[in-house]
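In the text below, chain A, chain B and the rest are named by the order of the sequence lines, each starting its count at 1.
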Amino acid sequence: MTATRDDHEIIRVLKQELFTAVVGDVLDVMGLRKQFLPAQISPLQPHMKIAGRAMPVLQADIFDDAAEAACGPLARKPFGLMLEALDSLKPGEIYVASGASFNYALWGGLMSTRATQLRAGGAVVNGYVRDSWDVERLDYPTFCRGLYAQDQGPRGKVIDFNTTVEIGAARIRPGDFIFGDREGVLVIPREAEQEAIARALEKAATENEVAIAIRNGMGAAEAFEKYGVM
Amino acid sequence: MTATRDDHEIIRVLKQELFTAVVGDVLDVMGLRKQFLPAQISPLQPHMKIAGRAMPVLQADIFDDAAEAACGPLARKPFGLMLEALDSLKPGEIYVASGASFNYALWGGLMSTRATQLRAGGAVVNGYVRDSWDVERLDYPTFCRGLYAQDQGPRGKVIDFNTTVEIGAARIRPGDFIFGDREGVLVIPREAEQEAIARALEKAATENEVAIAIRNGMGAAEAFEKYGVM
Amino acid sequence: MTATRDDHEIIRVLKQELFTAVVGDVLDVMGLRKQFLPAQISPLQPHMKIAGRAMPVLQADIFDDAAEAACGPLARKPFGLMLEALDSLKPGEIYVASGASFNYALWGGLMSTRATQLRAGGAVVNGYVRDSWDVERLDYPTFCRGLYAQDQGPRGKVIDFNTTVEIGAARIRPGDFIFGDREGVLVIPREAEQEAIARALEKAATENEVAIAIRNGMGAAEAFEKYGVM
């Protein structure tokens, strides 16, 4: 085994040497088969990659129409705990929000401005993003289901953060590694990250060999038999 | 209150100074919470903006397979009232079509050519568009659910126009203002338009102040407390 | 009638002179109304066009979790018959895959490398594609539901090829012509292809005349009455 990689090195390797396909493949081999977020979650711009530890944020649809009479602890607090969640971001952390219906934006321009100040690592939301011109100007790595300007204000709130959430089949715990490119977003569980990175680098090298063999005329069946990779 | 803005000025302000997020926010505050069309309706090209008064068009799936025997008034009329609807467009008006299944194109190249001749303001269709190369060459502001060349001819017709339609949760009456950019399409009811524009300009200015404060290090919670905006 | 066109000439005409809208229109007139694949299937890059004879490939969701005990003939064969299907491609043929859930990639980089070696004509998959950087570098015409890196390996297999498949309402037999651009993908049945191409060329010429008439001020209703086209 190679030496243990620290966070800085993991982020460098993920962003510069790897891609989600090869990391997902080795997680599959390691028996971790529910690590991809749904295919509908993609980067705001195709070139964006994201890598860092998750700070999961739990959303809920809470309407403000009868807020004065409602009994819950957050009914009258605008955005619920969203501002506190945002201000809590540590350098490199990724704001990962889920729990809301797909009817309003969970991330926007002022949030990106604040997160950039805090040197956070990006945002992954199971929903929409707005103020995309601001987010793009900041080049803040943002993954989402697309653009939609309808406001969260009277429709939803953050009800908890730094807690565990699920998006599609994937469970995301605080501190799990998040890795995304234009082909998807992966959750790499903390206990698997060292092995996954080491194996992914090996598999990427083998895939390059297979590509060369195929370009030199080897058949797909023969290449798979020889290299065990396709 | 500022002086009343005429149509020409409203269109200029919407296209050059505002964006759907801020106008949607002030409509929310005014109690108008169902003004966004569904998130799936977006511009043919990201730079396209649309602003103008709605000329709503009602579609229906009407198949021509047994048209000779069918009893309705439009069964044997190709496209139903589509050509009449198109020819009726006044300068600045927006063709807003809904009512069909999402299985064929509701707008295309020859329609854009005719609408451009009439100096209409654009098209918003709750469905697909075809002949996109022509539409783009004309730079005709067109919002839709994407591209699909399957023809309306034997599958659907316009059954009425200059009438009220609904798209998603939004109701669109003849003459309501339509405003769209790459983050969505808004319906601004006629009776709310003057107040909405005035308030949106104010809110946009405040948001700029908040962005500066955050870039200078203010926290999100503190900024919201001070400015009431996030 | 014009002379019969050979495959090489059909491909040239489809790619250089026609587009799916006009070919779909003439198939409609010929009574062939279920020839478009679903609108969600589009090219990896907007400029990509595809034309060639179909080599249909049948997929199924087959998980490898209890493969040792499973009784089917393909349970223990990685990817099922995918490698054989790929290696069987003849020059100009299009790999057309369907049958899987939309949860993993049906086409990727090494497959594109092999298909390019075999001078195949492209790929149309009713699902996702991965290794999109490789596919784009090869400029291999690839149509799909989008990008998603999740691997087919432990989730799905090719269970047959050179057989008939359905995608949406369209049935695709071995040797049917496939034609796609950014507005959709058409299946042109073998027995209709000569007539469809000849008619489509005529209709495209008429549409150009109509566009000129409209640009010169003719109304849409009048143009339809004169030319029978809109």
Side-chain angles (χ1 to χ4, degrees), chain B residues 40 44-46 63-65 77-89 95 101-120 127-138 140 144-158 161, chain C residues 18-43 46-47 49 145-146 168-170 179-186 200 203-204 206-230:
Chain B
Q40 291 73 29
L44 200 60
Q45 296 183 296
F63 297 90
D64 76 349
D65 295 35
K77 185 165 164 49
F79 303 106
L81 302 173
M82 186 183 87
L83 304 170
E84 290 76 5
L86 183 58
D87 284 336
S88 86
L89 283 169
Y95 185 99
S101 63
F102 306 144
N103 196 35
Y104 47 84
L106 301 180
W107 188 261
L110 291 173
M111 295 179 79
S112 297
T113 302
R114 178 64 178 142
T116 298
Q117 267 286 318
L118 295 167
R119 289 179 292 126
Y128 295 108
V129 163
R130 61 181 234 170
D131 311 324
S132 49
W133 300 273
D134 294 334
V135 183
E136 288 181 7
R137 204 177 308 122
L138 292 163
Y140 189 72
C144 60
R145 287 179 177 263
L147 305 180
Y148 197 36
Q150 185 145 271
D151 190 33
Q152 175 167 201
R155 297 175 183 85
K157 296 183 194 292
V158 169
F161 62 100
Chain C
L18 293 172
F19 37 98
T20 55
V22 72
V23 178
D25 286 359
V26 302
L27 291 171
D28 272 351
V29 172
M30 292 164 69
L32 298 164
R33 304 263 168 101
K34 307 281 193 188
Q35 303 312 122
F36 267 103
L37 304 196
Q40 291 72 29
I41 298 177
S42 60
H47 76 272
K49 299 186 91 172
R145 287 179 178 262
F179 175 42
D181 57 27
R182 72 181 198 190
E183 301 194 343
V185 179
L186 272 173
K203 180 161 199 276
T206 307
E207 284 181 7
N208 284 336
E209 284 182 64
V210 178
I212 292 166
I214 291 177
R215 277 199 295 272
N216 289 333
M218 187 179 285
E222 185 185 348
F224 183 74
E225 197 170 335
K226 176 159 180 190
Y227 297 96
V229 157
M230 195 68 196

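Distance alone, capped at 3.5 Å, is enough to place a donor-acceptor pair between the E183(C) side chain and the S132(B) backbone.
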Side-chain donor-acceptor pairs under 3.5 Å in residues 104-115 of chain B, sequence neighbours left out?
{"unit_1": "Y104(B)", "atom_1": "OH", "unit_2": "D61(B)", "atom_2": "OD1", "d": "2.5"}
{"unit_1": "W107(B)", "atom_1": "NE1", "unit_2": "S112(B)", "atom_2": "OG", "d": "2.7"}
{"unit_1": "S112(B)", "atom_1": "OG", "unit_2": "G108(B)", "atom_2": "O", "d": "2.9"}
{"unit_1": "T113(B)", "atom_1": "OG1", "unit_2": "G109(B)", "atom_2": "O", "d": "2.9"}
{"unit_1": "R114(B)", "atom_1": "NE", "unit_2": "D87(B)", "atom_2": "OD1", "d": "2.7"}
{"unit_1": "R114(B)", "atom_1": "NH2", "unit_2": "D87(B)", "atom_2": "OD1", "d": "3.3"}

Donor-acceptor contacts under 3.5 Å from residues 28-41 of chain C side chains, at least two apart:
{"unit_1": "D28(C)", "atom_1": "OD1", "unit_2": "R155(B)", "atom_2": "NH2", "d": "2.8"}
{"unit_1": "D28(C)", "atom_1": "OD2", "unit_2": "R155(B)", "atom_2": "NH1", "d": "2.9"}
{"unit_1": "R33(C)", "atom_1": "NE", "unit_2": "D28(C)", "atom_2": "O", "d": "3.0"}
{"unit_1": "R33(C)", "atom_1": "NH1", "unit_2": "D64(B)", "atom_2": "OD1", "d": "2.8"}
{"unit_1": "R33(C)", "atom_1": "NH1", "unit_2": "D65(B)", "atom_2": "OD1", "d": "3.2"}
{"unit_1": "R33(C)", "atom_1": "NH2", "unit_2": "D28(C)", "atom_2": "O", "d": "3.4"}
{"unit_1": "Q35(C)", "atom_1": "NE2", "unit_2": "V187(C)", "atom_2": "O", "d": "2.7"}
{"unit_1": "Q40(C)", "atom_1": "NE2", "unit_2": "Y128(B)", "atom_2": "OH", "d": "3.4"}

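Looking at R182(C) and E136(B), a side-chain N of the basic residue comes within less than 4.0 Å of a carboxylate O on the acidic one, giving a salt bridge.
Options G168(C), S42(C), A221(C), A169(C) differ in how many heavy-atom pairs under 4.5 Å they form with chain B, and the most are formed by A221(C).
Between atom CD of residue E225(C) and atom CG of residue L83(B) there is a gap of 10.0 Å, rounded to the nearest 0.5 Å. A distance of 11.0 Å separates CG in D151(B) from OG1 in T20(C), rounded to the nearest 0.5 Å.
Neither the backbone nor the side chain of F102(B) has a heavy atom closer than 4.5 Å to any heavy atom of chain C. At a 4.5 Å heavy-atom cutoff, the contact between Q117(B) and chain C is made by side-chain atoms alone.
For the pair L86(B) and M230(C), the minimum side-chain heavy-atom distance is below 4.5 Å.
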